[in-house]
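Scroll down for the structure; my scribbles are underneath it.
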Amino acid sequence: MSRRFLVTGGAGFVGSHLVDALHRRGDAVVVFDDLRTGHAASVPDGVTLIEGSLADAALVNRVLANGPWDAVFHFAALSQVGESMREPLRYLIENAGNGMLLIDACIRHGVRRFVLSSTAALFATVTDAPIPEDATIDPASAYGDSKWMIERALHWASQVHGMRYARLRYFNAAGADPTGRLGEDHRPESHLIPLVIDTALGRRGALDVFGADYPTPDGTAVRDYVHVCDLAEAHLLALEAMDQGDVTWNLGNGAGHSVLQVIEAVERVSGLPVPYRMADRRAGDAAVLVAASDRAQAAGWRPRFAELDDIVRTAFQWRKAHPSGYGN
Ligand SMILES: NC(=O)c1ccc[n+]([C@@H]2O[C@H](COP(=O)([O-])OP(=O)(O)OC[C@H]3O[C@@H](n4cnc5c(N)ncnc54)[C@H](O)[C@@H]3O)[C@@H](O)[C@H]2O)c1
């Protein structure tokens, strides 16, 4: 049976891949996005785009009043760790503040299910072992803390108002829709894989590798890269799992790859050299972030793109074919 969903931030990188998956299976989707980092061109025909900001409480209220909604997926956020360390209050207000206003409006309009894009950045990084959902929470950045505050707000919305939540903590989202329609287009780009690809394609100068003295095998930081289509699939599974209760899942492949290993993967996939130089560490960056995604796997999540080269290949194909991204 067709269902109806509101997706905040659905014109952004990860959100657009979920919107596509919902739309393809016949669900009705409304995207709410102010396009500050998203792209109208990513929204498929047949999906309504409401251009507006979450800070506009009256508009959010009007949109939610036009229900019923089977669930709200909340992707819209500022999401740069470094920026959040320069403007912490902006992150707390825009992410946590607006997120809480959205949850409150959902409660008032009878929305029963809320799915949050959360992050690995809320964990205390005291170990290089895979991080389970119940690991210690101690965000090292205002960005991570802003997501933790929304997670807590959802706890209370569930406890007191009976709203079901899914808190999905992505590790490093990467890759692109293998059909070539969707991809990653952040401006400026801050994510490693597209930056390495652009370096290989000669679209930028030598890549800065931030930190060569981490306690990792090659000294560079290690991350768990997870394909956006696998993230979209996990959202669909979480929606079903919410029938049984609230959901908190870590989403990653459980395999760590260093910056130098990502560079090597791009060189393998593209056949092109990647010039790079070593630079100092950045504030707020952890040495190792790798997910233990046992809960999602127990619910049937089987990433299709578990290998780094397969993730890089889809990203490379999209970026090579779209030198201007979505072109807007
Ligand atoms: N990309 C990752 O690796 C990653 C990792 C962990 C968590 N996340 C989280 O996943 C979500 C999506 O990330 P992404 O990489 O797709 O980011 P993105 O910047 O591509 O997408 C965010 C979207 O939200 C919109 N938006 C932002 N603030 C808004 C506001 N106030 N009102 C309306 N629209 C607004 C933007 O225009 C954009 O379309 C974010 O919440 C992010 O914190 C991402």
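Order of appearance sets the numbers: ligands from 1, and atoms from 1 within every ligand. Position 1 is the first residue of the sequence; numbering continues from there.
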Legend entry - contact_flag A55 ligand 1 heavy-atom lt 4.0 Å: no
Legend entry - Output field: ring centroids F75/H235 closer than 6.0 Å: yes
Inset, instruction - Would you mind reporting whether Y225 and N253 have side-chain heavy atoms less than 4.5 Å apart? - result: no
Inset, instruction - Decide whether the shortest distance between a heavy atom of A121 and an atom of ligand 1 is less than 4.0 Å. - result: no
Inset, instruction - Check whether any heavy atom of S118 sits under 4.0 Å from an atom of ligand 1. - result: yes
Inset, instruction - Indicate the atoms forming the closest heavy-atom contact of L236 with A21, along with that distance. - result: CD1-CB, 4.3 Å
Inset, instruction - Only heavy atoms count here, so choose which of Y225, Y143, F171 is nearest to atom 42 (C) of ligand 1. - result: Y143
Inset, instruction - Please say whether A76 places an N or O atom under 3.5 Å from an N or O atom belonging to ligand 1. - result: no
Inset, instruction - Examine ligand 1 and decide if any of its atoms is less than 4.0 Å from a heavy atom belonging to H191. - result: yes
Legend entry - Heavy atom of K147, distance to ligand 1 below 4.0 Å: yes
Legend entry - Side-chain heavy atoms of L201 within contact of F316, under 4.5 Å: yes
Inset, instruction - Have a look at A77, G9, S146 and point out the one with the heavy atom closest to atom 27 (C) of ligand 1. - result: A77
Legend entry - Within the 6.0 Å centroid threshold, strictly below: Y91 and W148: no
